[in-house]
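Working notes for the structure below.
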Amino acid sequence: MPEATDNTSKLRLTKDEMKHYGYQVIDAIVDHFETEHTKKPVAYASREEMDTLFNIEAPEKPTDFQDVFDFVIQKVIPNSNIVSHPKSYSFVPGPSNYVSVMADTLATGFNVFSGGWAASPAAAELEIVTMNWLLKLFKFPTKKGGGLFTSGGSMANLTALVTARRQCCGDDFSKAIIYMSDQAHSSNIKAIRVLGFKKEQVRIIPTDIEFKMAINKLKNAIAKDRLEGFQPFCIIASAGTTNTGTVDPLNEIANICKTEKLWFHIDGAYGGAAILSKKGKQLMKGIEKADSLTIDPHKWLYQPYEMGCLLVRNHKWLSKTFSEKPEYLRDIEGNTSEINFYDHGIQLTRRFRALKFYMSMKTFGLNAFKNAVTYSIDLADDVEQHLRKSAYWEVISPATLAVINFRYNPIGKSFSEKKLDTLNQQISQKVLASREALLVTTILQNQIVLRMCLINPRTTLNDVKETLALCESFAQDMS
Ligand SMILES: *Cc1c(COP(=O)(O)O)cnc(C)c1O
């Protein structure tokens with residue numbers, strides 16, 4: 001055997017190099033946490049600019065680690081939006097938290113395999129324990145219930161729908177029909193496509209004036225499908241749509257699922273976490289009746305990417321759907337209470353996601369999470385009051401679960417609808433170009449409106465007022 005002559009061929013650094021490298025990484029991250037609010041949240045770069053910076057052949061020869069590190073800090077990091085910035089209002093912000101960042105670093109540093117009990121009893125146990133915390137929070141049965149962490153909400157929805165289909169349809173799902181509202185998240189449609197359903201097997205139910213799934217139309221659709229010989233099997237409700245934060249009528253949908261014997265999936269990827277607040281809990285009534293529930297800790301539970309979660313009423317549904325025993329896993333089947341999470345979902349090799357949830361919850365305490373969620377819901381209410389009192393702004397969908405939609409529509413001007421659409425689109429474009437705030441539009445009832453998602457507990461009313469003032473100054477220049 002030829003002896004390796006240097007560390008590089010073993011993909012190793014010396015102890016001192018590793019420490020030096022690691023401390024610089026920590027310094028950079030801490031510096032970011034301390035100064036991000038002083039930076040601009042919006043990055044913009046064209047493909048051409050990025051190619052010019054980064055596009056090289058895979059280098060055959062080594063580069064000094066310091067040079068690689070410096071290059072990344074100077075060129076890669078600044079070319080991304082800062083989603084934890086207090087003025088990042090768009091899509092769903094990612095407020096994150098430092099404890100979980102360190103937990104992820106530990107999970108990666110020790111490269112803990114979180115697939116099966118035998119590989120890491122502690123990792124499996126922490127996933128069981130944190131899953132129980134969540135089951136309890138959402139009033140799911142804690143003995144029978146179960147779930148797992150996934151890469152995000154999209155994977156949780158996919159995992160839920162595979163399970164639902166396995167439980168309800170068996171192998172022939174050619175007549176199966178799925179129902180969801182026109183405000184349901186696109187990841188559900190993606191999941192349905194991945195599963196091989198045809199477009200004709202999905203019923204998009206219109207929403208009412210408050211953006212809730214129209215129950216009467218849902219009932220009509222189910223009845224009609226039965227008459228035509230189809231097999232209704234699953235309703236997907238939203239507990240907090242991404243667009244407006246609206247919660248579908250969960251109790252009514254639960255009743256329909258019960259009488260019609262349908263699977264009840266709730267996509268709470270955006271809004272589920274609101275159950276931590278008094279107002280949210282009120283809105284989430286009925287969430288405990290779901291067969292499966294998606295939540296997304298990397299959104300409003302302040303975890304860094306990637307962390308989604310699926311909860312189910314009966315953990316056996318997952319093992320019935322996902323157990324597949326290859327020969328080489330025979331020897332490590334333990335006690336049935338010793339869960340192998342590879343039997344509960346799609347991934348075999350899984351990173352140790354539970355650690356960040358566990359460490360941040362333990363460090364800050366559940367109360368801190370409750371306060372943070374409550375703060376954001378109240379902040380959105382304050383923003384709504386502020387907008388209503390202003391002569392420039394019109395509220396289009398009221399503050400719900402920390403989301404609010406509004407548009408520039410100054411009194412006394414009577415702009416046409418078309419003009420208002422253009423104005424609001426341009427306001428967003430100007431704000432993005434200034435890079436001062438991440439604020440984009442969405443479309444509600446055929447109107448182009450500005451949308452703010454205020455789940456960052458470090459965003460203040462003053463941040464929002466500054467952003468609105470900036471919007472007003474752009475608008476006045478244009479109109
Ligand atoms: C964000 C979101 C998803 C998708 O979750 P990812 O973590 O982005 O994969 C699904 N549903 C809703 C309602 C969401 O807001």
Side-chain angles (χ1 to χ4, degrees), residues 36-37 40-42 81-96 183 185 210-211 238 240-247 269-271 273-274 277 279-280 283 296 299-300 302 372-410 420-421 423-445 447-475:
E36 62 175 346
H37 61 284
K40 297 192 175 192
V42 183
N81 289 344
I82 305 175
V83 294
S84 48
H85 191 286
K87 289 181 180 171
S88 257
Y89 307 108
S90 286
F91 316 110
V92 178
S96 189
Q183 295 291 306
H185 192 269
E210 289 183 295
F211 306 102
S238 305
T241 64
T242 321
N243 245 352
T244 61
T246 306
V247 182
Y270 171 66
S277 73
K279 269 186 202 149
L283 290 169
D296 219 359
K299 288 177 173 165
W300 210 352
Y302 314 109
V373 169
T374 304
Y375 169 84
S376 295
I377 291 178
D378 292 346
L379 174 63
D381 284 341
D382 293 346
V383 170
E384 180 181 334
Q385 293 317 312
H386 178 74
L387 289 165
R388 289 203 194 277
K389 279 187 213 141
S390 154
Y392 300 113
W393 299 101
E394 176 191 10
V395 173
I396 301 295
S397 81
T400 312
L401 302 186
V403 180
I404 182 159
N405 290 278
F406 53 96
R407 66 176 180 176
Y408 186 75
N409 185 6
L420 286 172
D421 278 353
L423 257 176
N424 283 279
Q425 189 72 59
Q426 282 173 342
I427 290 171
S428 164
Q429 280 161 3
K430 295 236 167 174
V431 171
L432 292 180
S434 78
R435 300 180 50 227
E436 292 290 342
L438 188 57
L439 180 69
V440 306
T441 62
T442 187
I443 294 179
L444 289 179
Q445 290 158 344
Q447 299 169 330
I448 296 182
V449 302
L450 296 163
R451 173 179 168 281
M452 274 190 179
C453 179
L454 294 158
I455 63 169
N456 187 333
R458 296 171 297 272
T459 300
T460 63
L461 184 59
N462 203 47
D463 288 324
V464 177
K465 283 181 180 170
E466 280 176 13
T467 302
L468 291 172
L470 183 71
C471 292
E472 287 160 19
S473 73
F474 286 138

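The basis for the numbers below is simple: all heavy atoms, side chains too, and nothing from hydrogens, waters or symmetry mates. All values derive from a computational prediction rather than experimental measurement.
For S88 (side chain) and L438 (main-chain N/O), no donor-acceptor pair under 3.5 Å exists by modelled atom type. The main-chain N or O of I448 is never found under 3.5 Å from a side-chain atom of T441 such that the two would form a donor-acceptor pair. A distance-only check finds no donor-acceptor pair linking the side chain of Q183 to the backbone of T241 [under 3.5 Å]. At least one donor-acceptor pair closer than 3.5 Å links the side chain of R451 to the backbone N or O of N243. Proximity of a side-chain donor or acceptor of N81 to a complementary backbone N or O of V83 within less than 3.5 Å is not detected.
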query = After noting the C-alpha distance and the side-chain angles of L432 and S428, does the key distance pass the side-chain contact (heavy atoms from CB on, under 4.5 Å) rule?
reply = CA-CA 6 Å; L432 292 180; S428 164; 4.2 Å; yes

request  = Could you please spell out the steps behind the side-chain contact (heavy atoms from CB on, under 4.5 Å) verdict for F211 and S397?
outcome  = CA-CA 9 Å; F211 306 102; S397 81; 4.0 Å; yes

task = Test side-chain contact (heavy atoms from CB on, under 4.5 Å) on Y89 and T459 and set out the steps.
result = CA-CA 9 Å; Y89 307 108; T459 300; 4.1 Å; yes

key: Audit row: D463, H37, side-chain contact (heavy atoms from CB on, under 4.5 Å) steps and yes/no   = CA-CA 10 Å; D463 288 324; H37 61 284; over 6 Å; no

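A heavy-atom distance below 4.5 Å is not found between the side chains of T246 and S238. When side chains are defined from C-beta on, L468 does not count as touching Y408, because their heavy atoms never get closer than 4.5 Å. The shortest distance between side-chain heavy atoms of V464 and M452 falls below 4.5 Å. Annotation: side chain of I404 is in contact with side chain of L387 (closest heavy-atom distance under 4.5 Å). Residues V440 and F91 form a side-chain contact, since some pair of their non-hydrogen atoms from C-beta on lies under 4.5 Å apart. Within the 4.5 Å cutoff, no side-chain heavy atoms of T400 are placed close to those of T244. For the pair I455/P95, a side-chain contact is recorded, criterion being any heavy-atom separation below 4.5 Å from C-beta on.
Closest non-hydrogen pair, A437 versus T467, comes out as CB-CG2, 3.8 Å. In terms of heavy atoms, R388 sits closest to P398 at NH2-CB, 4.1 Å. When all heavy atoms of D381 and K279 are compared, the pair lying nearest together is OD2-NZ, 2.6 Å. Considering every non-hydrogen atom in both A475 and I427, the closest pair reads CB-CD1, 3.8 Å. Here the shortest heavy-atom pairing between K87 and E466 reads NZ-OE1, 2.6 Å. Smallest separation of non-hydrogen atoms from H85 and E36: CD2-O, 3.1 Å.
Here the CG atom belonging to L439 is positioned 15.0 Å from the NZ atom belonging to K430, to the nearest 0.5 angstrom. Distance SG/C471 to CG/N424: 9.0 Å, rounded to 0.5 Å. Interatomic distance, CG of L461 versus CG of D378, reported as 11.5 Å (0.5 Å rounding). Distance OG/S96 to NZ/K299: 15.0 Å, rounded to 0.5 Å. The structure places CG of L444 at 4.5 Å from CG of N405, a figure rounded to the nearest 0.5 Å. Interatomic distance, CG of L379 versus OG1 of T374, reported as 12.5 Å (0.5 Å rounding).
Using a 30° and 60° split on the angle between ring planes, W393 and F406 fall in the perpendicular class, above 60°. Between W300 and Y270, the ring planes lie parallel to each other; the angle is under 30°, not in the 30° to 60° tilted range.
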